[in-house]
Novice: 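One structure, as structure tokens, below. Some questions next.
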Amino acid sequence: MKYLLPDSLMNPPEPLSVTVLGAGGTGGEVLNLLVRLHMGLLALGSQGLQVRVYDPAVFREANLGRQRCLPSEVGQYKALALVNRINLAFGLAWEAYPAAINGEALVENVPDILIGCVDKARVRQDIANTFSDSRHDAYGDYFDTCLWLDMGNSRYQGQAVLGELLHDRTNDFRLPHVADLFPALSQPEQFDEDDTPSCSLAGAIGPNGQDLLINPIVANHGINLLWLLLTTGVLENHGVIVDSRAMTTMPMPVSQEAWAFYGYSGSKIEKAA
């Protein structure tokens, strides 16, 4: 079983629109990789990417060494600092917003690709609920596709999952997203318990913090999924689960049997008449 690049994302006349939620540990790595993805796509004759980034947080001392923060950027908004740096270096006009954005606001400006780098269950829950099949059934039988690449991690483990928020109903199935396959990750009462910031890099990566390199590991796998899909037009795996301590990587096949392993069986959708 394979997932094919949707028609709406194939040879678009304009740059693909990409919205990134979060510019922290994973989001900063993702932005760096998106520049490389953009340049690679341009070299292959496509229109590349147009990116906008949302993050209400500012860089702190604890971010030095673990996030893409320069000493001179401490106290600056993460989204603005990173995007301004990219725009100056590459002559781009990507957009940065020092604010959060919810699912209802995304509906007003749906991107081709949504990338979630905010490891908060309530954000996943809001996105999944807003873009549920039942809500969008009222809009007709045909949807352009909106891909949702979600990346999250705990101390040593992380996942990158590519699925569909909006689905072209002329296809046989909707590619399940992270909230379909891992519904527990969308339960705020289980995962959004502690928002206390670390006051130092040692605290951020110490016994109760994250592994130093888990963010770039997850980000590289996630953006590689996009690179493979946009350049080959097909995916046999649409996600990966990694463990930085055990040094293991487990792919997630595009397969009804694989989805059933995670407890999900609702991906089959009848073709539009």
Novice: Rounded to the nearest 0.5 Å, what's the gap from CG on L49 to CG on L42? Could you check?
Specialist: 8.0 Å

Novice: Determine, for R245 against D211, whether the closest basic-nitrogen to carboxylate-oxygen distance falls under 4.0 angstrom.
Specialist: no

Novice: Please tell me whether L235 and L44 are part of a single hydrophobic cluster in this structure, the criterion being side-chain heavy atoms less than 4.5 Å apart.
Specialist: yes

Novice: Between the main-chain N or O of Q50 and the side-chain N or O of E14, is there a donor-acceptor pair closer than 3.5 Å?
Specialist: no

Novice: Passes side chain to side chain contact (heavy atoms under 4.5 Å, CB included), M252 versus N237? Steps please.
Specialist: CA-CA 5 Å; M252 299 173 57; N237 298 293; 5.8 Å; no

Novice: Do side-chain atoms of H238 reach the backbone of L162 as a donor and acceptor pair under 3.5 angstrom?
Specialist: yes

Novice: Do the side chains of V118 and V123 get nearer than 4.5 Å, heavy atoms only?
Specialist: yes

Novice: Examine the side chains of R66 and N215 and answer whether a donor and an acceptor come within less than 3.5 Å of each other.
Specialist: yes

Novice: Quick one, V58 and Q76 - any side-chain contact, counting heavy atoms below 4.5 Å?
Specialist: no

Novice: Determine the sole option in Y262, W148, F131 for which the ring-ring contact (aromatic ring centres under 6.0 Å, His included) test with H177 is passed.
Specialist: W148

Novice: What's the shortest heavy-atom distance between Q159 and V218, and which atoms?
Specialist: O-CG1, 3.6 Å

Novice: Taking N84 for the side chain and L80 for the main chain, is one N or O donor matched with an acceptor at less than 3.5 Å?
Specialist: yes

Novice: How close do E29 and A219 get, heavy atom to heavy atom, and via which atoms?
Specialist: CB-CB, 3.7 Å

Novice: Would you say the side chain of L147 lies within less than 4.5 Å of the side chain of L229, judging by non-hydrogen atoms?
Specialist: yes

Novice: Do E73 and K78 meet the salt-bridge criterion of a basic N to acidic O distance under 4.0 Å?
Specialist: no

Novice: Can you check side chain to side chain contact (heavy atoms under 4.5 Å, CB included) on L175 and V254, steps first, answer last?
Specialist: CA-CA 8 Å; L175 191 67; V254 178; 4.2 Å; yes

Novice: Are more than 12 heavy atoms from other residues, nucleotides or ligands located less than 6.0 Å from atom OH of Y156?
Specialist: yes

Novice: Measuring from L92:CG to M39:CE, what's the distance to the nearest 0.5 Å?
Specialist: 7.5 Å

Novice: Distance from I113 atom CD1 to C146 atom SG, nearest 0.5 Å?
Specialist: 8.5 Å

Novice: If you define the side chain from C-beta out and look only at heavy atoms, does anything of L5 sit under 4.5 Å from V234?
Specialist: no

Novice: Is a side-chain N or O of N129 found less than 3.5 angstrom from the main chain of Q125, in a donor-acceptor match?
Specialist: yes

Novice: Determine whether L213 and S244 make a side-chain contact, defined as any pair of heavy atoms from C-beta on separated by less than 4.5 Å.
Specialist: no

Novice: Show your working on side chain to side chain contact (heavy atoms under 4.5 Å, CB included) between V161 and V240 and close with a plain yes or no.
Specialist: CA-CA 7 Å; V161 182; V240 65; over 6 Å; no

Novice: Find out if a path of hydrophobic residues (ILVMFWY) with successive side-chain heavy-atom gaps under 4.5 Å connects L64 to L70.
Specialist: no

Novice: Working to the nearest 0.5 angstrom, can you tell me the gap between D243 CG and S154 OG?
Specialist: 8.0 Å

Novice: Which pair of heavy atoms, one from G22 and one from V20, lies closest together, and at what distance?
Specialist: O-CG1, 3.5 Å

Novice: Going through the distances and angles, do V83 and Y97 end up as a side chain to side chain contact (heavy atoms under 4.5 Å, CB included)?
Specialist: CA-CA 10 Å; V83 172; Y97 299 88; over 6 Å; no

Novice: Do the ring planes of W94 and H38 sit parallel (below 30°), tilted (30 to 60°) or perpendicular (above 60°)?
Specialist: perpendicular

Novice: Using the rule that Ile, Leu, Val, Met, Phe, Trp and Tyr join whenever any side-chain heavy atoms are under 4.5 Å apart, tell me whether L166 and L226 fall into a single cluster.
Specialist: yes

Novice: Given 3.5 Å as the limit, does a donor-acceptor pair link the side chain of E257 with the main chain of P253, or not?
Specialist: no

Novice: Can you check whether T130 reaches L165 side chain to side chain, under 4.5 Å on heavy atoms?
Specialist: no

Novice: Does a salt bridge link K2 with E236, judged by any charged N lying under 4.0 Å from a carboxylate O?
Specialist: yes

Novice: Taking C-beta and beyond as the side chain, do I115 and I223 meet within less than 4.5 Å on heavy atoms?
Specialist: yes

Novice: Just wondering, more than 12 heavy atoms not from Y54 lying within 6.0 Å of its OH?
Specialist: yes

Novice: V53, L33: one ILVMFWY side-chain cluster at the under-4.5 Å cut-off?
Specialist: yes

Novice: Do D112 and S17 pair up side chain to side chain, a donor and an acceptor below 3.5 Å, judged on atom types alone?
Specialist: yes

Novice: Within a strict 4.5 Å, meaning less than it, do heavy atoms of the R174 and D180 side chains meet?
Specialist: yes

Novice: Report yes or no: does N63 contribute a side-chain atom to a donor-acceptor pair with the main-chain N or O of R60 at less than 3.5 Å?
Specialist: yes

Novice: Considering non-hydrogen atoms only, spot the tightest contact between N87 and A93 and give its length.
Specialist: OD1-N, 3.7 Å

Novice: What are the two closest heavy atoms between A96 and A79, and how far apart are they?
Specialist: CB-O, 3.4 Å

Novice: Which atoms form the tightest heavy-atom contact between R68 and F59, and what is the distance?
Specialist: O-CZ, 3.8 Å

Novice: Please answer whether the main-chain N or O of A23 pairs with a side-chain N or O of D55 as donor and acceptor at a distance below 3.5 Å.
Specialist: yes

Novice: If you round to the nearest 0.5 Å, how far is CG of L41 from CD of Q47?
Specialist: 10.5 Å

Novice: Find the distance between CG (L82) and SG (C69) and round it off to the nearest 0.5 Å.
Specialist: 8.0 Å

